[in-house]
Amino acid sequence: MDVRTTDVTMKSAANALAERLHDAPDKRLAFLISEFLHGFADLADRTDMSRAELQGLIGFLTEVGETCSERRQEWVLLADVLGLTSAFERHHARLPEKATPNTLAGPFYRPGAPRRADRESICLDGKGCPLVFTAQLTDCEGKPVPSARIEVWHANGDGVYENQAPDVQPEFNLRGTFTTGLDGSVRIATVRPRGYRIPDDGPVGKLLRRLGLPTVRPAHLQFRISASGYQTLITHVFDRSDAAIGADPLFAVDPALLADFSGSEEEGLVCHFTFTLAKDHHQQQT
């Protein structure tokens with residue numbers, strides 16, 4: 001017996017939805033939904049996606065949502081490991097070539113870190129290899145940027161952030177807010193950070209293991225730098241010698257963000273890094 005079939009593609013379903021969205025009150029949302037569905041339809045048609053694969057995708061996304069809580073954002077982690085967050089940061093920053101690249105803030109940033117004076121230590125438990133980090137701020141012409149606000153935070157020598165282990169580390173350990181001097185510099189006394197494994201006990205971790213992708217971030221310090229007349233900079237400074245430097249699971253490593261920690265574990269380490277800020281022309285006009 002002949003079985004009559006109809007050539008129905010996912011694209012036809014996407015076109016049908018686009019017609020229904022023609023009079024949607026939120027035009028931008030309707031456009032984005034339509035474009036997303038057309039892109040997914042093209043993928044499903046080209047790959048001949050099966051029912052089981054579609055159900056598997058829905059199940060994965062459901063598990064990602066169910067894993068989220070007040071202390072954990074699995075959706076953000078998924079966007080990070082897919083490279084979406086870093087790509088969006090670089091695309092929307094539109095910085096001059098000389099400016100220090102923007103990166104993602106990551107999940108461990110805390111506002112309100114205590115204010116610290118030049119050379120003051122942010123290590124509150126005295127554990128770790130001492131490190132003096134000198135931050136030099138300039139504009140794209142090489143002129144110093146004084147009175148800039150520098151927020152810094154990083155993991156300890158075990159690769160753990162203070163808000164990951166609030167019962168083990170003092171509050172605001174390895175976090176501080178500094179202000180640059182007239183020469184645009186400030187010295188931050190801290191300890192050498194260690195790289196850490198991103199949360200891999202949930203659905204995103206399972207996905208990475210199935211794909212054979214890395215889960216260990218290279219050691220780094222993170223900064224949020226703001227100054228009047230300049231674009232706010234959120235960025236990393238990476239330890240160039242870290243073995244994981246070429247495989248950051250969050251795609252944040254940029255050659256311009258690599259630094260050398262010189263000295264020794266016994267006598268302490270030093271690092272000097274120059275951050276180049278881009279002018280905020282909109283702020284200047286207003």
Thr177 side chain to Arg115 side chain, donor-acceptor N/O pair below 3.5 angstrom: no
Between CZ on residue Arg175 and CD1 on residue Ile122, distance to nearest 0.5 Å: 9.5 Å
Aromatic ring pairing Tyr196/Tyr161, orientation class (parallel under 30°, perpendicular over 60°, tilted between): perpendicular
Cys123 vs Leu174 side-chain heavy atoms within contact, under 4.5 Å: yes
Any side-chain donor near an acceptor of the partner, Arg194 and His154, under 3.5 Å: no
Spacing of Leu37 atom CG and Leu17 atom CG [to the nearest 0.5 Å]: 5.5 Å
Note: Asp201-Arg72 ion pair, threshold 4.0 Å (strictly below): yes
Whether Phe88 and His92 hold their rings parallel, tilted or perpendicular, with breakpoints at 30° and 60°: tilted
Leu124-Val191 co-clustered via ILVMFWY side chain contacts under 4.5 Å: no
Ring centres under 6.0 angstrom apart (Trp153, Phe108): no
Geometric cation-pi criterion Arg110 and Phe172, 6.0 Å radius, 45° cone: yes
Pairwise side-chain contact, Phe60 with Gln55, heavy-atom cut-off 4.5 Å (strictly under): no
Donor + acceptor pair across side chains of Asp260, Ser262 (<3.5 Å): no
Lys98 atom NZ, neighbour heavy-atom count above 12 within 6.0 Å: no
Within 6.0 Å of CZ in Arg46, more than 12 heavy atoms from elsewhere: yes
Ionic contact status for Asp239 with Arg192, cut-off 4.0 Å: yes
Glu151 with Arg149: basic N within carboxylate O range, under 4.0 Å: yes
Gap between atom SG of Cys271 and atom CZ of Arg187 - 0.5 Å precision: 14.5 Å
